[in-house]
Amino acid sequence: MSSGIAERLGRIRHRMERAAERSGRGPADAGLVAVSKTFPADAVAAAFDAGQLDFGESRQQEAAAKIAVLRGELRWHFIGKLQRNKVRKVLEDFRWIHSVDSLRLAETLERTAGEMGANPEILLEVNLAGETSKGGLSPDELRDVTKTVGGFSNVSLRGLMAIPPAVEDPEQSRPWFRRLRELRDELQSDLGVALPQLSMGMSNDFEVAIEEGATMVRVGSAIFGGREYA
Ligand SMILES: *Cc1c(COP(=O)(O)O)cnc(C)c1O
């Protein structure tokens with residue numbers, strides 16, 4: 001199951017560094033979140049043994065079972081649809097939440113984090129193409145939500161995340177990645193809120209995302225292999 005993970009991770013890190021170089025950025029400017037959803041704890045352990053520290057999961061219950069057997073220095077990123085009744089459990093296990101897709105959810109996170117003494121780092125998810133099948137804030141609502149959430153004291157707003165429409169040719173993702181970066185730049189200069197993180201790019205298009213300014217790419221199948229959903 002875990003054979004080949006170290007090799008694939010090494011190749012991906014190399015490709016990430018080359019993409020950063022091409023865009024005049026340093027090799028440390030874009031980090032890798034290894035998306036381990038649907039894969040077992042021993043696959044995560046194999047990646048950790050190969051030097052990977054950041055892992056992404058999209059379902060609270062599935063993640064909790066893995067995290068329970070993988071104590072240590074791993075940093076967990078929640079990247080899936082977050083139901084408000086799962087917020088407390090997610091805050092117990094996850095330091096980063098990439099998928100904050102409504103003001104209500106952000107408010108629940110702020111209140112619950114305060115009760116728990118937690119300080120999660122969060123990203124606002126943007127639905128760039130207005131896809132009805134996906135969550136995320138519209139670019140129009142983003143400004144008000146950024147202004148409000150940027151003033152919260154328990155959650156730290158760190159940037160934006162997007163899952164653009166699936167494409168075959170990674171170049172087709174480029175305009176979406178560029179749009180997210182431009183939205184970020186506008187919000188930063190108009191509102192004076194620091195949004196250093198851009199979470200964008202997956203197995204198929206992470207190099208293009210880095211060329212367009214991604215600081216975190218979320219890569220699953222290119223590391224762990226094909227997924228089979230139950
Ligand atoms: C599954 C998932 C990924 C990883 O997708 P791959 O194509 O396997 O790299 C990235 N981001 C999110 C939000 C996901 O749900």
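First listed ligand is number 1; within each ligand, the first listed atom is number 1. Heavy atoms only: backbone and side chains are in, while hydrogens, waters and symmetry mates are out.
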Residues pairing under salt bridge (Lys or Arg N to Asp or Glu O under 4.0 Å) where one sits in residues 151-169, two or more places apart or in two chains, turn out to be Glu121-Arg158
Worksheet entry | Short side-chain donor-acceptor distance under 3.5 Å, Thr215 and Gln197 | yes
Around atom CD of Gln61, are there more than 12 heavy atoms from other residues, nucleotides or ligands closer than 6.0 Å?
no
- Item | Whether Lys66 side chain and Ser36 backbone form a donor-acceptor pair below 3.5 Å | yes
For Val219, the ligand 1 atoms with a heavy-atom partner under 4.0 Å come out as 9 (O)
Closest to atom 2 (C) of ligand 1 by heavy-atom distance, out of Lys37, Arg218, Met202, is Lys37
### Message
Is there a polar contact, in the sense of an N or O pair closer than 3.5 Å, between Ser58 and ligand 1?
### Response
no
For Ile163, the atoms of ligand 1 under 4.0 Å from one of its heavy atoms are 13 (C)
In ligand 1, the atoms that come under 4.0 Å of a heavy atom of Gly220 are 4 (C), 6 (P), 8 (O), 9 (O)
Here the atoms of ligand 1 under 4.0 Å from any heavy atom belonging to Ile79 are 11 (N), 12 (C), 13 (C), 14 (C)
Discussion item. With a 4.5 Å cut-off on side-chain heavy atoms, are Phe48 and Glu73 touching?
Written reply: yes
